[in-house]
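Every number for a ligand or one of its atoms is a count from 1 in the order of the listing.
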Amino acid sequence: MKRILVVGSGAREHALVWRLTRDGAEVHAAPGNAGIAEIGAVHAVAADDLDAQVALAQRLKVDLVIVGPEAPLVAGLVDRLSALGIAAFGPSKAAARLEGSKAFSKDFMVRYGIPTAGHRTFTDVEEALAFVRAAQRPLVVKADGLAAGKGVVVAKDADEAADAIERFGRARELGDAGATLVIEETLVGPEVSYHVVADGTRYVALAPAQDHKRIFDGDRGPNTGGMGAYSPPPMVDAEVERKIRERVIEPTLRGCAAEGFPFRGALFVGLMIVDGEPMVLEYNTRFGDPETECLMTRWGGSAIPLFEGAAKGDLSAVQTTWDAPASLCVVLASEGYPGAYPKGRPIEGLERAAEVAGVVVFHAGTARGEGGFVTAGGRVLAVTATGVTLDEAADRAYAAADRIRFEGKQVRRDIGWQARRTPS
Ligand code: AMP
Ligand code: GLY
């Protein structure tokens, strides 16, 4: 039996642990969460405590480590594990710069002719302010470094762009992440998430997905970590997918190899489809959350060879098969999220929700209270359902989501609206 350690603590990691457990592995998670503890062993080690993660992997004598979140990848956890001969799924520190620095990733895209919005990079706040004032058109302001989804402002005018520059660049609201700013042209179109798993040279394409980042129905309100996702999205037809692979994925992987950091692990490209043409918004060097919940529930056969093959540099034997034609995930969030939110509210109905056909309830931010699970995060649960059609997956996911109750529960009712015939 393979022993696998999953690093991280969200619903993405719960979905990975769920998948690997079903595929027959002995799965450990660090730090994991209360939902993961139901199906695997959890260890109280923070995801970004590299020394402790390495020590844990050694102590458990694992066959494979899968790193979920970006921070330990950017800090070099995979390099540390690889140096000790421990197989690790995820990119090296050098390759993780594609996510860790937006200035680096934009320059990389320009070097390889990968379609993306035009941009300028600034380290001087006054120069950035002068640029947006002179531009007289809507621009997007991005903090260069990791900012947990809070580092992008799609400004409607120069004043909003200037405000973002002041907050990120001068007030350093996001710390050093804002020391360098990327300012780019605004694109308009549907957004999709495209994941591949790469072994340094070869790659396996996963199914396209779409996330819903805004907190409210109709894609309104502030950005969140993701309020729901589904797969497959109709705007990625065979032709668009071909363009994504030929114009984005393949040149990216070739560029990584040419620059001495062959990409191993999950490459998740955030794209906007502008008049049928895929344009890159950002690279992520890890799996998306909640996209992973959809991908892992759809995946057919064992996923262990996918993770192991990438970590060991040989995906040649891995076939992509999708058991479920469609999957949809609805996130249940705490009152106040994405702002400050209360914790410790009792959650009811989890068992009844899990009884709905095709449903798996992944935990994002829960804890064990006296009488059962309580809320413990902004995103609390990721209720995921498969179906023969997307409408069926949506009906199941919402039927299950409606059986779960906690005070102040926030849920978007329109996940998958661009693909569904019937609203739930
Ligand atoms: P990022 O973290 O770079 O993906 O940006 C977060 C969100 O900001 C994206 O999901 C888009 O909704 C939006 N965004 C980023 N870049 C652009 C752009 N150039 N034009 C329009 N919206 C953008
Ligand atoms: N679902 C978006 C992300 O994981 O960044």
*Specify whether F108 and Y283 have parallel, tilted or perpendicular ring planes, treating 30° as the upper limit for parallel and 60° as the lower limit for perpendicular.*
perpendicular

*Identify, for atom 19 (N) of ligand 1, the protein heavy atom at the shortest distance, and state residue, atom and that distance.*
E184 OE2, 2.7 Å

*Would you say V152 and ligand 1 have an N/O pair spaced under 3.5 Å apart?*
no

*Hey, is K102 one of the residues with a heavy atom under 4.0 angstrom from ligand 1?*
yes

*Donor-acceptor pair, D414 side chain versus G218 backbone, under 3.5 Å?*
yes

*Numbered atoms and elements of ligand 1 in range of K213, under 4.0 angstrom, heavy atoms*: 10 (O)

*For R412 and R214, indicate whether the former's side chain and the latter's backbone hold a donor-acceptor pair under 3.5 Å.*
yes

*Consider only side-chain N and O atoms of E259 and Y112, and report whether a donor and an acceptor are under 3.5 Å apart.*
yes

_Can you report which non-hydrogen protein atom sits closest to atom 20 (N) of ligand 1, along with the distance?_
L187 N, 2.8 Å

*Could you tell me whether R12 sits above the aromatic face of F287, with NZ or CZ closer than 6.0 angstrom to the six-membered ring centre and within 45 degrees of the axis?*
no

*What is the closest protein heavy atom to atom 5 (O) of ligand 2, and at what distance does it sit?*
R286 NH2, 2.9 Å

_Below 3.5 Å, N or O to N or O, backbone or side chain included: is there any such pair between E282 and ligand 2?_
no

*Without hydrogens or angle criteria, can the side chains of T375 and S334 be said to hold a donor-acceptor pair below 3.5 Å?*
no

*Mark up the atoms of ligand 2 that fall under 4.0 Å of a heavy atom belonging to G288, in ascending order.*
4 (O)

*With backbone taken as N, CA, C and O and side chain as the heavy atoms from C-beta onward, which portion of E70 lies under 4.0 Å from ligand 2: side chain, backbone, both, or neither?*
neither

*What residue and heavy atom of the protein are closest to atom 22 (N) of ligand 1, and at what distance?*
V154 CG2, 3.8 Å

*Within 45° of the axis and under 6.0 Å from the centre of the six-membered ring of Y230, does NZ or CZ of R420 qualify?*
no

*Which heavy atom of the protein is the closest neighbour of atom 17 (C) of ligand 1, given with residue, atom name and distance?*
L281 CD2, 3.5 Å

*What atoms in ligand 2 come closer than 4.0 Å to a heavy atom of F268?*
2 (C), 3 (C), 4 (O), 5 (O)

*Hey, does the side chain of D144 reach the backbone of K102 with a donor-acceptor pair shorter than 3.5 angstrom?*
yes

*Which residue from E282, E191, K142 reaches closest to atom 16 (N) of ligand 1 through any of its heavy atoms?*
K142

*Take D163 and R167 through the test salt bridge (charged side-chain N to carboxylate O under 4.0 Å, His left out) and record every step on the way to the result.*
CA-CA 6 Å; D163 178 64; R167 291 194 291 111; 3.3 Å; yes

_Donor-acceptor pair, side chain of E293 and main chain of V383, under 3.5 angstrom_ = no

_Enumerated ligand 1 atoms positioned under 4.0 Å from heavy atoms of E185_ = 18 (C), 19 (N), 20 (N)

*May I ask you to identify the nearest protein heavy atom to atom 2 (C) of ligand 2, giving residue, atom name and distance to one decimal place in Å?*
D211 OD2, 3.4 Å

*Determine whether the side chain, the backbone, both or neither of E291 has a heavy atom under 4.0 Å from any heavy atom of ligand 2.*
side chain

